[in-house]
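Some notes on the structure that comes next.
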Amino acid sequence: MAKIKSLLNSCLIMLGVSSIAACDIQQDSGLASKTLLYCSEGSPESFNPQLVTSGTTIDAVSQQIYNRLVKIDSDSGQVVSDIARKVIVSSDAMRYRFYLRKGIKFHTTDYFTPTRDLNSSDILFTFSRILHSDHPFHEVSGGQYPFFEGIGLSQLIEQIIVVDDLTIEFRLVDPQASFLANMATDFAVILSAEYGEQLINENHKEQIDQMPIGSGPFKFKEYKRDHYIRYAKNEDYWQPESNLEQIIFDITPDNSTRLAKLLTKECDVLGYPSASDVGFLEKRSDIDIKDSTSMNVSYWAFNTEVPPFHNPQVRKALSYAVDQSAIIDAVYFGLAQPATSLLPPTSWAYNADSYVSQYNLEKAKALLVEAGFPDGFEMDIWAMPVQRVYNPNASKMAEILQQSLKELNIKANIVTYDWGTFRKKLANGEHDSVLIGWLADNSDPDNFYRPLLSCAAAMSGSNRSAWCNNEFDRNVKRALSTADQAQRKVFYTNAENIIRDQVPLVPIAHATRHKVQHKYISNVNINPYGGIDFSATKKGKP
């Protein structure tokens, strides 16, 4: 082992690179020309996105390893076919019949060799695991499926019927306008039932989420936590393929180091550049930088189960301490717009009058006096340790809030942990408040409301406010029960008004999403509604 470490260190010194992954491919020029190096900001929590809501995990896993029944078109935002070549919806919108494509193959790896193509039994296996507590894999890896629990999937689906090998039908309890969009999210990935059977026989069921098998463009090869993920090309992929032989996710939490790796070509693509670096990168002739309008929001959530944040008057007072203008200047460098709603302006249900945040410390002081806190109090602000599109620098944002709160005699302590610990403690409700956000997985407004603020999401842990309001839930449910867009907007506006009145969270900003790559890289798809897709990416000569 000592000899191996010595050789690796020597390689790093000779090549002048800072990662073992980059060192490995630079010794093989043929492999290097067919390898994409992507600089990632953090480690995935799992290799099964059903189990998490983390954007870091979604980027690293969903589009690389898996397919879904249907997917979201990145240009139109509409639901389009993926594994399912056709979907027939009954006239009462209670039955969805999916007709699967022929010849889709699961990955062949060192640890699994499929004996058949993907079929309806895999769809049944995948969703039965989520829905049924007696499924042999339901409790594996903790038994929590936060996105699906947050949208109440188990209460919605009455039955899943295998019609034949390539036809499967979902029967719903009630019609729901967002059902198909939710089936297209990056969480709704399809697993292999045959692989599951193998793991049961081997008594290694936990490997289904650690050593993944999917039908996507790349297959799992190697993972070294906090260092890199290696994916190999899926030779049997059923869609047009790229010229890449492998992808390496180089895990580099530090912004400056990621930028340095990009400039020295240790990374070909950088998904989340620091906002302060965008202007510099735009001036470089060797770099291609593009921005896109993204369905996202950053917010400050209060743990409503912890005093004094159980008091809406206190939460409302704190909302007046949010200086959006200062935050957008210092954190986003102007590459965002102030949030007037949980929904971004690009959503068809957006209503600019639903929520208006005004920085007003005098009003905040008056509300604190009314709430019984004339002398303030002490609190924690948890700040994400990783950079995300919706919040490029949570620590800086926390510092700006800290200064405003000081004017209210509130001592705010800034708290952070490594990403894995941070999310675990957050799900356990150990925080007072947290700066976090959301990147939508589809264009339906429901994707913002139920995963973030429903009572079901409070139980699953994805509702960071632990806030449960029955009237809010009723309005969201009514919006889902009709296909009439104008009527749905009325119900969503009602829901926003409840958020404004109760303030479980404060929407702060909607950020512009940037993609940075060397000009010899083409066809990288950063979907406004989901993760990063390298399935069609091509690498030219550097």
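Just so you know, these numbers come straight off a predicted model, no measurement behind them.
Under the 6.0 Å cut-off for aromatic ring centres, Tyr449 and Tyr492 qualify, their centroids lying closer than that. Taking the ring centroids of Phe249 and Tyr223, they lie at or beyond the 6.0 Å cut-off. Close placement of the Trp382 and Tyr417 rings is indicated, their centers lying within 6.0 Å of each other. Separation of the Trp467 and Phe472 ring centroids falls under the 6.0 Å cut-off.
A donor-acceptor pair shorter than 3.5 Å can be found between the side chains of Thr421 and Asp418. Under 3.5 Å, the side chains of Asn360 and Glu362 contain no donor-acceptor pair of N or O atoms. A side-chain donor from one of Thr340 and Tyr350 sits under 3.5 Å from a side-chain acceptor of the other. Under 3.5 Å, the side chains of Ser178 and Asp446 contain a donor-acceptor pair of N or O atoms. In this model, a donor atom of one side chain and an acceptor atom of the other lie less than 3.5 Å apart for Asn413 and Asp380. Side-chain N/O atoms of Glu496 and Ser341 include a donor and acceptor closer than 3.5 Å.
Contact check on Arg388 versus Asp59 returns a salt bridge, with a Lys/Arg side-chain nitrogen under 4.0 Å from an Asp/Glu carboxylate oxygen. Ionic pairing of Glu45 and Arg423 is present here: one or more N-O contacts between side-chain nitrogen and carboxylate oxygen are shorter than 4.0 angstrom. We find that Arg315 and Asp501 are not joined by a salt bridge, their nearest charged nitrogen and carboxylate oxygen being 4.0 Å or further apart. Using a cutoff of 4.0 Å between basic side-chain nitrogens and carboxylate oxygens, Asp209 and Arg129 are scored as salt-bridged.
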- Task: May I have the step-by-step check of side-chain hydrogen bond (donor to acceptor under 3.5 Å, both in side chains) for Asn303 and Glu305, ending in yes or no?
- Result: CA-CA 5 Å; Asn303 188 343; Glu305 291 190 336; 5.7 Å; no

- For Asp444 and Arg488, what are the C-alpha separation, side-chain angles and deciding distance, and is it a salt bridge (charged side-chain N to carboxylate O under 4.0 Å, His left out)? CA-CA 11 Å; Asp444 196 287; Arg488 291 186 74 193; 2.9 Å; yes

- Just do the side-chain contact (heavy atoms from CB on, under 4.5 Å) check on Phe422 and Met384 with the steps written out, would you? CA-CA 7 Å; Phe422 186 89; Met384 292 189 307; 4.0 Å; yes

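For the pair Lys411 and Phe377, the cation-pi test (distance below 6.0 Å, angle within 45°) is failed.
Using cut-offs of 30° and 60° for the angle between ring planes, the Tyr145 and His138 rings count as tilted.
Gln402 places no side-chain N or O within 3.5 Å of a backbone atom of Ala398 that could act as its donor or acceptor partner. Between the side chain of His510 and the main chain of Asn296, a donor-acceptor pair closer than 3.5 Å is present. Remark: the backbone N or O of Tyr272 is not paired with any side-chain donor or acceptor of Glu41 at under 3.5 angstrom. Judged by distance alone, the side chain of Thr304 and the main-chain N or O of Ala466 form a donor-acceptor pair under 3.5 Å. Side chain of Thr416 to backbone of Ala383: a donor-acceptor contact under 3.5 angstrom is found.
Annotation: Glu430, atom CD; neighbour count of heavy atoms from other residues, nucleotides and ligands within 6.0 Å is above 12.
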